[in-house]
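Here is how names work: the chains are called A, B, and so on, in the same order as the sequence lines, proteins then strands, and each is numbered from 1. These numbers come from the heavy atoms of this one structure, side chains and all, not from hydrogens, waters or symmetry mates.
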Amino acid sequence: MEIPAKYDPSLTEDKWYKYWMDNGFFHSEPDNREPYTIVIPPPNVTGVLHMGHMLNNTIQDVLVRRARMQGKNACWVPGTDHASIATEAKVVAKLRDEGIDKNKLAREEFLEHAWEWKEKHGGIILEQLKKLGASCDWERTKFTMDEDMSKSVIKVFVDLYKKGLIYRGVRMVNWDPQAMTAVSDEEVNYKEVQSKLYYVRYQVEGEEEYVTIATTRPETILGDTAVCVHPEDERLKHLHGKKVIVPLVKRPVSIIQDDYVDREFGTGALKITPAHDINDYEIGDKHNLESIDIFNDDGTLNESAQLYIGEDRFKARKLIVKDLEGAGHIVKIEDYINKVGYSERTDAVIEPKLSMQWFLKMEDLTKPALENVMNDNVQFHPSKFKNTYKHWMENVKDWCVSRQLWWGHRIPAYYLPEGGYVVAETEEEAILLAKEKSGNQNITIADLRQDEDVLDTWFSSWLWPISVFDGINNPDNKDYNYYYPTNDLVTAPEILFFWVARMIIAGYEYKEEKPFRNVYLTGIVRDGLGRKMSKSLGNSPDPLELIKNYGADGVRVGMLLCSPAGGDLLFDIKENSKTGENTYPLSEQGRNFGNKIWNAFRLVKSWHVDGTIEQPESAKQAIEWFKHRLNSEIESINDLYEKFRLSDALMAVYKLFWDEFSSWYLELVKPAYQKPIDQASYEETLSFFDIMVKLLHPFMPFITEELWQLMENRKDGESLMIEKMPESEPYNDEIINAFESVKEIISGVRNIRNENNIAQKETLSLKIKGDYERKYDSIIIKMANLSDIRTIDTKIEGAVTFMVKSAEFYIELGDLVDVEEELKKLKEELEYNRGFLNSVMKKLSNERFVNNAPEKVVNVEKKKKEDAEAKIKVLEERIASLT
RNA sequence: GGGCGAUUAGCUCAGCUGGUUCAGAGCACCUGCCUUACAAGCAGGGGGUCACUAGUUCGAAUCUAGUAUCGCCCACCA
C-alpha cells in the first residue's frame, strides 16, 4: 500500500470521531472503576467557538483522554449556559433589526423569540467542539435552563430564602436610560472625558453665610438631601448642626459630618444626593437621609425634581447652570477630567439608579470555601491565585442575585395584592403560602404577581457541578454520588470569583464537599502584539478554518506547547509575503510534528522482515538504550502531569519522539536501503511505536488513532483511545548517560565534517586517546559513517580533534587540516579551561568555603579541578605537537 | 486609590526549599545539504551582566529591602 509523504488530517479526523461516537467510547455510566470527572465550563448557548474555548477544551480533553487510558471511568460532561445578559442582548438586537421593540412585547412573547433563537443557534458551539476532538459524553449534554436544571435553581433560591440568607434590599444599579434596563458592572465602560467642575454656593439657613460645594453633575442638586463635611475639618467646624438651603428648590437640608469626605478635594464640602450616586447613597443610608429620585427611566427629569420636568438630564444640566448663575450661586467653573461610565451596548451615559434587588448573604457561606482552598483540599494551578482568592473571600460583599431581564430563571417571589410577598418553588405552593400569610382563602394565582426579575446567570452556574448530576432535586441518585466531587476544573482566571469561588461555596453548602479537587487556570489567548483576541478587534483566527488548514491535532499541539497554567498564549499570526494569506507559526509547528510522526511510521511500515538474518550489535544496543530512555521519560512525563504542567509534558513527548526516537533510535535500527530488517529489531520498534503513540494520544487523538489502526489489523470496536496508558518501568541512568557520550562523539565527527566540508558519504577513521570505554563502537561507526575506531597513545599529525569527557578524539585529515585554525581553536579551549580551573582553585583555597559548604559540594569542586587539570594537560600536549 | 503577580536569548517560557543538569528548552535566525521516511526535512552554529541598586552569605538568576517598567483583580473621589 502506498502511503503519501504528507499527512492529510481531513482524511482521518471526521472518520475517527464518528468511529469513537458509534462505539460509545465517550459515554460513561457509574461502575466499580475509579471515576474521573470533568464538567465543562458551559459556553454561552448562542456563542461560537473562539480561541479561548479551543485552548480551554483542548486541555480538558487531554486530561480526560489520559485518565480514560489510565483505566479510570472518565466522564466529561458538556453543556451550555443560558447567559441571560448576553443572550437577551442578542435577541433584542435581532428583534430590532426586524423592527420589533422589546419594550413593546409582552414577556411571554419575548421569551418565545428567545427560545426560538436558542433552538436555532444553541449547540452550534458544541458541534464545533467535536471538530477539535473533544471526547465529551454527549449523552449527558446539559443546558442551564433545562427543566431539571431550572428546578434546581429555584429550589436552591427557596432553600436559601428559608434559611434566611436571601433578602430584599435597595441597591444602586447601572441604569441604561436608552435601553431602559439595568446593566451589569461588566457592561459598563469607563471613559475619561473632559468635563466641568462647578462650584456652587448654598446659603446657610437664616444667615448671610454660604457653603460652597463642587460637583460635576449640577442637575442632581435638585435631589440633594444633605451637605456633608469632614468632622475634623477646622475650616467648616462652625457649620456643624446647621442647615443650608438647596438652591432654586429652596429645600433646607442638614449639614452632616462624615469622614468619607476628602478634605483636600474642592472646598471640603460635599453635596449628598442619595438617589443618584452610590457613595451618596451609602452616606444617606448611614445618616438616615431622605432619598429623592429626580429621574424618569428614560433619563428625563420627573416631578420630584420640581424644575425642568420632562427635560433630558443633559439639557437640564445646561438649564440649571444658567439659572444658578442668574441667581448668583455659581462661584466658579473649572475644566475637569473625570471618568464616566458608558453602556457597552448603547453607549449611553450610565445613570446610577436605586432599585429594589434580591441579595444573598455571603459571610457565613464563604467560610468553608475559603478554608478548603487555603488548606489545599481544592488546589489551584498555578497556586498564586490562592492569594487573590483569599483576598476576595475575606472582603466578600452580599451577592446581588436579581437582574432586570426576562431571559433566565424568574425569581420565585409572589407579591400579594394587599402587600407583602411569599417565596415558593411552585405556583401551587405560592397560593398556599399566600393564603396562610393573608388569611384570605380565596386567593388564586391571578391575584399574585410574580417578581419580574430573573436570577443572575451565575446563580445557576454555581450549581453546575451538582446540577448536571441532578444532585439538588435528587441527592441520593447514583450518578451524583459516583461522579461528585469532580476531579479537575479548567477555566479562566477572570471568572475565579464569579464562578469558581461560588461553585466551591455551593459545593460545601449542598453536598458538604468540594466540587473539584483541582482548578487549572488557563491564560488569555493573545495575538502577536499581545492584544487579547476578540471579536471586536477582529484579530482572532476562525478556529474551524484553523482546524481545516492544520488539522485538529496540529492546532491542539501548537496551542498547548506554549501555554503553561496561568500563562497567556501568544498566538502569533504571520502574513505570507507571497500569497498575503495569514499563517500561524504555532499551528504549523503542530502540523509539522504530525507529519514527522506520520513519516516515522512510513519508514517502519516500509521495512521487510527477514527472520533468518541476525540482529546487528548496533540495533541491539540501540534497543536497550531506548528502553531505558523511554522509561525515564515516561516517569518524568507522569510527574509533569501530576503537577499540571501540560505544556512541559507535551514538550517532553515531542522531544522524545523527534529527537530520541526519530533522530537517534530509528536511524540506528534502520536497515540499509532495500535491505531487510531482522525479526527482533522490527518487533521491538513496533512496540516502541505503540508506546509512543499512546503517550501522544491525549494530545493528538486523531493521527495517533489512525496510525494505531494501521499498525496491525484491528478488530471493529478496538481503539487506541481505550488502550492502557504505558507505565514507567525501572531504568538505569548509567546506560542513558553513557549513550549521551556516544551522541557527543558522533556530533563531534559530524561537526568536523561540517567545518571541513567533508561529505557525509565519505568514510572516515576515528582515533581515541585517553580514557574511554569502547562499548558502543558499532553505533558510532554506523551513525558517524566511520571505517573504524582505533585507540592510540602517540601524537598524531595532520588531524583535527575534539574532546568528550577527558578523552581526545582524532580524525586524520592530512593536508586538509588548517594547522593555524586548529591551533587557534585549541588555544581558545585551553584558555577557557585554565580560567575555569582558576575559578575552581579560588573556591577550594577559600577556607571558609571548604569549612562551611557541605562535603558533597566540596567534592564536586574537587572533581571539577581534576577534570580541568586532565583536560589542560591533554590540550597542552596537543598544542606542543603542532608547533 | 487597595491588593496580587511578573521582569532570564529576537519571541514564548523552564530553572523546586541558595552550590554541575547554572545559565537551559522550543520557535525564530545563520551556514551547509533535495543523503530513497519526512525540505512540513537533515546536519551544524551564533544569541543572555538572569530589569536596576544595595544587603545577607564562603557562594545569589534563586533569599531580603528599595527603584524602575509591565500585567491582572477589586474599588471608582464629588
**Derivation of the side chain to side chain donor-acceptor pair (under 3.5 Å) call for A/E282 and A/Y260** = CA-CA 10 Å; A/E282 276 163 19; A/Y260 166 78; over 6 Å; no

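- Ring geometry for A/W458 against A/F498 counts as parallel: the plane angle stays under 30°, on a 0 to 90° scale with 60° as the upper cut.
- For the pair A/F385 CZ and B/G5 P, the computed distance is 11 Å after rounding to whole Å.
- A search for side chain to side chain contact (heavy atoms under 4.5 Å, CB included) contacts involving A/H287 returns A/I256, A/D258, A/I283, A/L289, not counting sequence neighbours.
- One C1' atom belongs to B/U57, the other to B/U64, and the distance between them is 12 Å to the nearest Å.
- Across all strands shown, A/F593 has no heavy atoms under 4.0 Å from either base or sugar-phosphate atoms.
- Checked against B/A37, B/A78, B/U36, the side chain of A/Y673 finds its nearest nucleotide in B/U36.
- Remark: A/K670 engages A/E667 in a salt bridge (charged side-chain N to carboxylate O under 4.0 Å, His left out) (not counting sequence neighbours).
- The side chain to side chain contact (heavy atoms under 4.5 Å, CB included) search around A/R753 returns A/V749, A/I758, A/Q760, A/E762, A/L764, A/N785, not counting sequence neighbours.
- More than 90° away from 0 lies the glycosidic angle of B/G5, which makes this nucleotide anti.
- Remark: of the listed residues A/F385, A/F644, A/Y389, A/Y389 is the sole one forming a ring-ring contact (aromatic ring centres under 6.0 Å, His included) with A/F380.
- Checked by atom type, the side-chain pair A/Y584/A/N549 shows no donor-acceptor distance below 3.5 Å.
- Taking the C1' atom of each, B/A61 and B/G48 are spaced 11 Å apart, rounded to whole Å.
- Consecutive Watson-Crick or G-U pairing (both distances under 3.5 Å) extending over three or more pairs maps onto RNA chain B as B:1-7 with B:68-74, B:10-13 with B:24-27, B:29-33 with B:41-45, B:51-55 with B:63-67.
- Between A/K655 atom NZ and B/C27 atom P there is a gap of 9 Å when expressed in whole angstrom units.
- Between the C1' atoms of B/U12 and B/G71, the separation comes to 16 Å (whole Å).
- Classified by interplanar angle (parallel below 30°, tilted 30° to 60°, perpendicular above 60°), the ring pair A/F593/A/W658 is parallel.
- Comparing B/A65 with B/A25, their C1' atoms sit 33 Å apart, to the nearest whole Å.
- B/G55 and B/C74: their P atoms are spaced 41 Å apart (whole Å).
- For the C1' atoms, the distance linking B/C27 with B/A14 amounts to 15 Å, nearest Å.
- Because its glycosidic torsion is within 90° of 0, B/U49 is reported here as syn.
- Between A/K863 and A/E866, no side-chain nitrogen of the basic residue sits less than 4.0 Å from a carboxylate oxygen of the acidic one, so the salt-bridge criterion is not met.
- Listed nucleotides: B/A40, B/A75, B/G26. Nearest to the side chain of A/K397: B/A75.
- Remark: the separation of the P atoms in B/A75 and B/G10 is 40 Å, to the nearest Å.
- With distances taken from any side-chain atom of A/T215 to the nucleotides B/A40, B/A78, B/A37, the minimum falls on B/A78.
- With sequence neighbours excluded, the residues that form a salt bridge (charged side-chain N to carboxylate O under 4.0 Å, His left out) with A/E706 are A/K15.
- A search for side chain to side chain donor-acceptor pair (under 3.5 Å) contacts involving A/D335 returns A/K196, not counting sequence neighbours.
- If you measure from atom CZ of A/R753 to atom P of B/G45, you get 15 Å, rounded to the nearest angstrom.
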**Prompt:** In the 5'-to-3' direction, what one-character label does each nucleotide of nucleotides 6-15 of chain B receive under the scheme B = base within less than 4.0 Å of a protein heavy atom, S = sugar-phosphate only, - = no such atom?
**Reply:** ------SSSS

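- Donor-acceptor pairing under 3.5 Å, judged by distance alone, is absent between the side chain of A/K761 and the base of B/U35.
- Taking the side chain of A/N387 as heavy atoms from C-beta on, and the options B/C4, B/A78, B/C76, the nearest nucleotide is B/C4.
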**Request:** Starting at the 5' end of nucleotides 57-64 of chain B, put B wherever the base has a protein heavy atom under 4.0 Å, S where only the sugar-phosphate does, and a dash everywhere else.
**Result:** -B------

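- Counting only heavy atoms from C-beta on, A/N751 has its side chain closest to B/G45 among B/G45, B/C4, B/A39.
- Rounded to whole Å, the distance from CD1 on A/I677 to P on B/A37 is 12 Å.
- Side-chain proximity of A/M651 to B/A25, B/A40, B/C74: nearest is B/A25.
- At a threshold of 4.0 angstrom between heavy atoms, the contacts of A/S747 are confined to the sugar-phosphate backbone, with no base atom among them.
- Residue contacts shown for A/K863 are absent, as no nucleic acid heavy atom lies under 4.0 Å away.
- For the side chain to side chain contact (heavy atoms under 4.5 Å, CB included) test, residues two or more places apart in sequence or in another chain that qualify with A/K825 are A/E755, A/E822.
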Got a list of protein N/O to nucleotides 46-49 of chain B N/O distances below 3.5 Å?
none

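- For A/N859, the side chain to side chain contact (heavy atoms under 4.5 Å, CB included) partners two or more places apart in sequence, or in a different chain, are A/E855, A/K862.
- In this structure, A/N279 atom CG and B/A78 atom P are separated by 9 Å, rounded to whole Å.
- Among the heavy atoms of the strands lying under 4.0 Å from A/R750 are primed sugar atoms or P, OP1, OP2 only; no base atom is included.
- Closest approach to the A/H391 side chain among B/G3, B/A78, B/C27 is made by B/G3 (side chain taken as heavy atoms from C-beta onward).
- No side-chain donor from either of A/K332 and A/T212 sits under 3.5 Å from a side-chain acceptor of the other.
- Taking the side chain of A/D262 as heavy atoms from C-beta on, and the options B/C73, B/C42, B/C77, the nearest nucleotide is B/C77.
- Ring geometry, A/F688 versus A/F661: the interplanar angle exceeds 60°, so the pair is classed perpendicular (tilted spans 30 to 60°).
- Among the nucleotides B/C38, B/G19, B/A78, the one closest to the side chain of A/V857 is B/G19.
- Taking the ring centre of A/F849 as origin, the terminal cationic atom of A/K843 falls inside the region bounded by 6.0 Å and 45° from the ring axis.
- Every residue meeting the ring-ring contact (aromatic ring centres under 6.0 Å, His included) condition with A/F601, not counting sequence neighbours, appears here in chain and number order: A/F689.
- In this structure, A/K670 reaches the B/A37 phosphate: one of its side-chain N or O atoms is under 4.0 Å from OP1 or OP2.
- Rounded to an integer number of Å, the gap from A/N395 CG to B/C76 P is 13 Å.
- B/G45 atom C1' lies 9 Å from atom CG of A/N754, rounded to whole Å.
- Here the P atom of nucleotide B/G71 and the CG atom of A/L521 are 21 Å apart, to the nearest Å.
- The side chain of A/Y336 lies closest to B/A78 when the candidates are B/U36, B/A78, B/C42.
- Note on A/E667: a base of the nucleic acid sits closer than 4.0 angstrom, heavy atoms only.
- Straight-line distance between the C1' atoms of B/C63 and B/C50: roughly 15 Å, to the nearest whole Å.
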